[in-house]
Amino acid sequence: DDHEYDRIAREIARLIELGDDPLDVLRLAIQWSWRRLKFGWTHAYAGMADWLVLFDANKIDESKNDVEAQLVCLLESIGHVSYDVLREIEYPYTEDSLNFDEAGFIQAIESEDESLAVAMIRGGLKSGLQFEDFELALSQSALAHYNDFGHSLIYVTKAGELINRLGSVIAEPILISLVRSFVFAAREDKIPEFKAYASTLTIWNSIGNNRVPDNVEFDFNPKQWRTLGIAKALKTTLNCRRQSPEDLYTQWLTVNAINLLSFDIEQQNKVTVSISGNVGWLDFTHAITFANAVRKQCRKFPQLWPQGLLQMACFSGRNVAFTTAEYELERWADTDFDSIFQMIMDHGQDEYIVSVHWLKLALAVKEEVVELSQPQARLLIAALNRFLNSPLKLKQIRRTAHQARLFVSKH
């Protein structure tokens with residue numbers, strides 16, 4: 001209720017000393033908070049899934065854990081949840097229950113009909129369905145649009161991890177609050193900047209993997225691909241669709257890694273920029289964490305590769321204008337995951353949005369590098385290291401004032 005960080009730590013430590021299951025504090029935090037999330041899922045639940053990975057990593061053996069390190073993971077999880085619902089009332093959901101129908105559920109999300117979609121989740125759970133039974137519909141809904149700049153698909157993967165780790169007792173609050181976040185998610189493909197996405201996806205779906213007449217296949221050249229704006233990046237992806245989806249995925253992941261490594265930090269200090277130019281570090285990190293979710297979900301459901309790959313291209317096409325031509329691979333490549341996670345476990349960041357992005361990017365990179373060649377993995381690790389050790393400007397005071405004056409002068 002008060003977000004007393006040190007008191008939260010003491011109460012968790014007390015429960016551990018009493019011999020309770022330490023993960024019960026996470027289950028209870030979810031049960032207490034989920035109706036207070038006005039717009040559904042936030043990074044708090046996604047971060048909880050990631051902190052659980054480190055919680056498990058600090059189990060030394062069957063009889064001994066690094067208790068203080070594990071306490072950090074629990075504390076950061078609950079602190080973030082507490083912060084996100086601080087002073088919030090409960091925002092009730094429908095109590096209705098209907099049979100789960102995959103097509104009907106997807107249409108309910110598309111129509112932004114929260115009550116219908118929630119009722120189907122409730123009905124499905126009551127009939128004995130598990131997360132896996134909802135996963136395809138959730139993944140399709142998450143990728144139906146360029147949803148919330150990729151967050152929706154990331155949240156699907158984290159929902160599965162949370163339910164798998166904490167048990168079915170949290171399935172209902174996790175899934176229902178996830179549905180609410182889908183309903184409220186910004187559909188980024190509807191803004192002019194990404195207008196080519198829908199038409200490109202329509203072409204892909206209509207012709208499958210056959211060649212487009214009069215178009216040539218593009219060979220992968222990172223230097224060339226990272227110069228492509230959104231429309232050309234989408235067209236390139238379409239023209240290369242006869243490649244293995246996994247190969248095309250690796251190509252866009254490599255490009256987005258180079259973009260992260262070459263983000264022009266001076267963009268953070270500019271004042272006289274348009275609202276569409278409000279680009280910062282997190283725009284670049286999302287390209288990697290989203291890619292990680294694409295690989296996981298599209299391997300399970302290969303029919304979703306076109307959406308995943310085209311949205312990865314959207315990330316690159318948007319971000320490339322805010323990069324430098326050169327990047328310092330050698331300066332940032334010399335690091336290891338042990339030192340990275342030690343840094344994250346005592347991050348010193350006052351804002352949860354920063355620490356959770358440190359964590360989720362580090363875990364995504366650690367998972368992705370095992371899939372890559374050594375040079376590609378080195379690029380990705382260097383990009384992560386540069387992000388963790390670079391200034392991050394979250395509040396743009398002068399820029400906001402400038403944009404406000406510019407906006408009202410036109411209206």
Side-chain angles (χ1 to χ4, degrees), residues 30-46 49 81 84-85 88-164 166-191 197-198 201-202 205 293 297-298 300-301 303-304 306-308 311:
I30 291 170
Q31 294 286 356
W32 172 78
S33 63
W34 69 285
R35 292 182 181 87
R36 293 178 168 89
L37 294 168
K38 185 175 183 179
F39 302 107
W41 261 60
T42 69
H43 279 297
Y45 286 171
V81 170
D84 278 7
V85 299
E88 292 284 359
I89 62 173
E90 290 194 353
Y91 303 93
Y93 293 86
T94 181
E95 296 296 327
D96 291 345
S97 178
L98 297 170
N99 290 332
F100 179 76
D101 171 69
E102 189 172 278
F105 174 82
I106 293 170
Q107 183 54 49
I109 297 295
E110 181 66 23
S111 302
E112 300 178 1
D113 190 338
E114 177 189 296
S115 294
L116 178 56
V118 167
M120 286 190 179
I121 293 291
R122 288 194 190 279
L125 290 170
K126 286 180 179 178
S127 69
L129 297 184
Q130 307 294 317
F131 172 78
E132 291 74 18
D133 299 304
F134 303 112
E135 189 173 10
L136 174 57
L138 291 169
S139 299
Q140 287 180 306
S141 295
L143 284 171
H145 298 275
Y146 191 19
N147 267 358
D148 199 13
F149 212 44
H151 283 87
S152 294
L153 190 69
I154 296 169
Y155 290 169
V156 172
T157 67
K158 303 306 179 183
E161 292 170 15
L162 275 179
I163 294 170
N164 180 62
L166 298 180
S168 60
V169 67
I170 64 150
E172 185 177 59
I174 287 297
L175 291 173
I176 289 177
S177 58
L178 181 65
V179 164
R180 175 172 282 176
S181 75
F182 281 13
V183 170
F184 282 105
R187 299 176 178 185
E188 310 287 354
D189 56 310
K190 297 294 187 180
I191 63 176
Y197 169 77
L201 179 61
T202 298
N205 288 336
Q297 298 312 108
C298 292
K300 292 179 183 178
F301 311 113
Q303 66 268 39
L304 298 180
Q307 293 94 316
Q311 289 177 35

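Being a predicted model, the structure only gives us computed values, none of them experimental.
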Suppose we screen for side chain to side chain donor-acceptor pair (under 3.5 Å). Which residues come up paired with K300, at least two apart in sequence or across chains?
E135

Measure from the side-chain N and O atoms of E114 to the backbone N and O of F182, and report whether any donor-acceptor pair falls under 3.5 Å.
no

Working note: L175 + I163, criterion side chain to side chain contact (heavy atoms under 4.5 Å, CB included); need CA distance, chi angles, decisive distance, verdict.
CA-CA 9 Å; L175 291 173; I163 294 170; 4.1 Å; yes

Do I170 and W34 have side chains that get closer than 4.5 Å, going by heavy atoms?
no

Restricting to non-hydrogen atoms, name the atom on Q140 and the atom on I106 that form the minimum distance, rounded to 0.1 Å.
OE1-CD1, 2.9 Å

Would you say E172 and K126 make side-chain contact, with heavy atoms under 4.5 Å?
no

Taking all heavy atoms of S141 and all of N147, pick out the closest pair and write down the distance.
O-ND2, 3.2 Å

Measuring from F134:CZ to L129:CG, what's the distance to the nearest 0.5 Å?
4.5 Å

Could you pull out every donor-acceptor pair under 3.5 Å between side chains of residues 152-160 and any protein atom, sequence neighbours left out?
{"unit_1": "T157", "atom_1": "OG1", "unit_2": "I154", "atom_2": "O", "d": "2.6"}
{"unit_1": "K158", "atom_1": "NZ", "unit_2": "D50", "atom_2": "OD1", "d": "2.7"}

Is there side-chain contact between L138 and F105, with at least one heavy-atom pair below 4.5 Å?
yes

Residue among K190, E188, Q307 satisfying side chain to side chain contact (heavy atoms under 4.5 Å, CB included) with H145
K190

Smallest separation among heavy atoms of M120 and D101, with atom names
SD-O, 3.7 Å

In terms of heavy-atom contacts, Y197 and D189 come closest through CD2-CB, 3.7 Å

What is the distance from atom CD1 of I176 to atom CG of L37, rounded to the nearest 0.5 Å?
13.0 Å

Once rounded to the nearest 0.5 Å, what's the spacing between atom CD of E88 and atom CZ of R35?
15.0 Å

Using modelled atom types and a 3.5 Å cut-off, is there a donor and acceptor pairing between side-chain atoms of D133 and backbone atoms of Q130?
yes

Identify the heavy atoms of T94 and D96 that sit nearest to each other, and give their distance.
OG1-N, 3.1 Å

Taken to the nearest 0.5 Å, the spacing of I109 CD1 from S111 OG works out to 9.5 Å

With a 4.5 Å cut-off on side-chain heavy atoms, are Y146 and I191 touching?
no

Side-chain donor/acceptor of S177 to backbone N/O of I174, under 3.5 Å:
yes

Rounded to the nearest 0.5 Å, what separation is found between the CG atom of L201 and the CD atom of Q311?
8.5 Å

Of the non-hydrogen atoms in K38 and R180, which two are nearest, and what is the gap between them?
O-CD, 3.3 Å

Roughly how far apart are I121 CD1 and L178 CG, rounded to 0.5 Å?
8.0 Å

Please lay out, stage by stage, how Q31 and V169 fare under the test side chain to side chain contact (heavy atoms under 4.5 Å, CB included).
CA-CA 9 Å; Q31 294 286 356; V169 67; 4.0 Å; yes

D84/H43 under side chain to side chain contact (heavy atoms under 4.5 Å, CB included): CA gap, chis, key distance, verdict:
CA-CA 9 Å; D84 278 7; H43 279 297; 5.5 Å; no

Neighbour count >12 (heavy atoms, 6.0 Å) for atom CG, N99:
no

Any idea how F184 and F39 line up, ring-wise: parallel (<30°), tilted (30 to 60°), or perpendicular (>60°)?
perpendicular

